[in-house]
Amino acid sequence: MPSDALPRVRLLVVLGLLGASEAARMVEALVEQMPESTLVKGVILPTTRGAIALGQGRPAAAIEELRAAADYQTGAVAALIPLYLRAEAYLRAGEARKALDEYRKLLANRGPDPFSPVCALAPLGVARALRAAGEHDQ
């Protein structure tokens with residue numbers, strides 16, 4: 001695994017969430033460079049595409065894109081980012097229960113990157129999902 005893989009995933013996700021067109025170009029360049037790479041096909045590509053869709057206000061598309069990263073989402077490179085993005089997408093799609101399930105999976109699987117920014121953001125997501133689900137007192 002390249003030593004810059006996790007920072008690269010984080011960079012592409014942030015660019016995607018911000019709507020920067022560079023994210024799509026950068027991930028496509030990676031696919032061209034390493035078309036057979038499991039890391040690229042299973043983590044970087046779907047996570048970036050999911051972030052782009054979420055940044056564009058298309059939560060259903062984000063959920064669909066992130067399916068391809070499901071097998072790797074708790075690994076060291078994905079670092080729980082696909083779980084977080086999927087939870088955010090479900091919340092934005094009005095599916096608070098599914099969002100809550102994703103946030104809780106993230107919090108239960110902190111092993112690969114316990115200091116990941118998404119671990120710090122997940123409790124806020126849980127609170128938002130509980131509120132959206134009408135469970136204010138938990």
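Just so it is clear, the structure is predicted and the values come from calculations on it, not from any experiment.
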On a heavy-atom basis, which atom in [X] and which in [Y] lie closest, and how many Å separate them?
| X | Y | answer |
| --- | --- | --- |
| Ala23 | Gly16 | CB-N, 3.7 Å |
| Ala99 | Tyr90 | N-CB, 3.6 Å |
| Ala62 | Leu54 | CB-N, 3.9 Å |

Determine, stepwise, if the pair Ser116 / Arg10 fulfils side-chain contact (heavy atoms from CB on, under 4.5 Å). CA-CA 10 Å; Ser116 169; Arg10 287 181 175 168; 3.8 Å; yes
Does Val13 belong to the same Ile/Leu/Val/Met/Phe/Trp/Tyr cluster as Leu121, with side-chain heavy atoms less than 4.5 Å apart forming each link?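 Linked within one cluster.
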Is there a path of hydrophobic side-chain contacts, each under 4.5 Å between heavy atoms, that joins Ile52 and Leu17?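 Shared cluster, no.
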Pair up each side-chain donor or acceptor in residues 35-45 with any protein partner under 3.5 Å, not counting sequence neighbours, and list the distances.
unit_1	atom_1	unit_2	atom_2	d
Ser37	OG	Leu39	N	3.3
Ser37	OG	Val40	N	3.1

Quick test of your reading: applying salt bridge (charged side-chain N to carboxylate O under 4.0 Å, His left out), list the pairs with at least one residue in residues 65-77, sequence neighbours left out, ordered by first then second residue. Glu64-Arg67
Which residue pairs satisfy the salt bridge (charged side-chain N to carboxylate O under 4.0 Å, His left out) criterion with at least one member in residues 76-85, sequence neighbours excluded?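 Found none.
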Which pairs pass side-chain hydrogen bond (donor to acceptor under 3.5 Å, both in side chains) with one or both residues in residues 11-26, sequence neighbours excluded?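 Sorted result for residues 11-26: Ser21-Arg25.
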Side-chain donor-acceptor pairs of residues 76-86 under 3.5 Å, sequence neighbours excluded:
unit_1	atom_1	unit_2	atom_2	d
Arg86	NH1	Gln73	OE1	2.8
Arg86	NH1	Glu102	OE1	3.0
Arg86	NH2	Leu66	O	3.1
Arg86	NH2	Gln73	OE1	3.0

Identified side chain to side chain contact (heavy atoms under 4.5 Å, CB included) counterpart of Val27 within the set Thr48, Leu15, Thr47, Val9: Thr48
Within-4.5 Å side-chain heavy-atom neighbours: Glu95 and Leu91: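 They are not in contact (no side-chain heavy atoms under 4.5 Å apart), so the answer is no.
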Members sharing Val14's hydrophobic cluster, built from side-chain contacts under 4.5 Å between Ile, Leu, Val, Met, Phe, Trp and Tyr, are Leu18
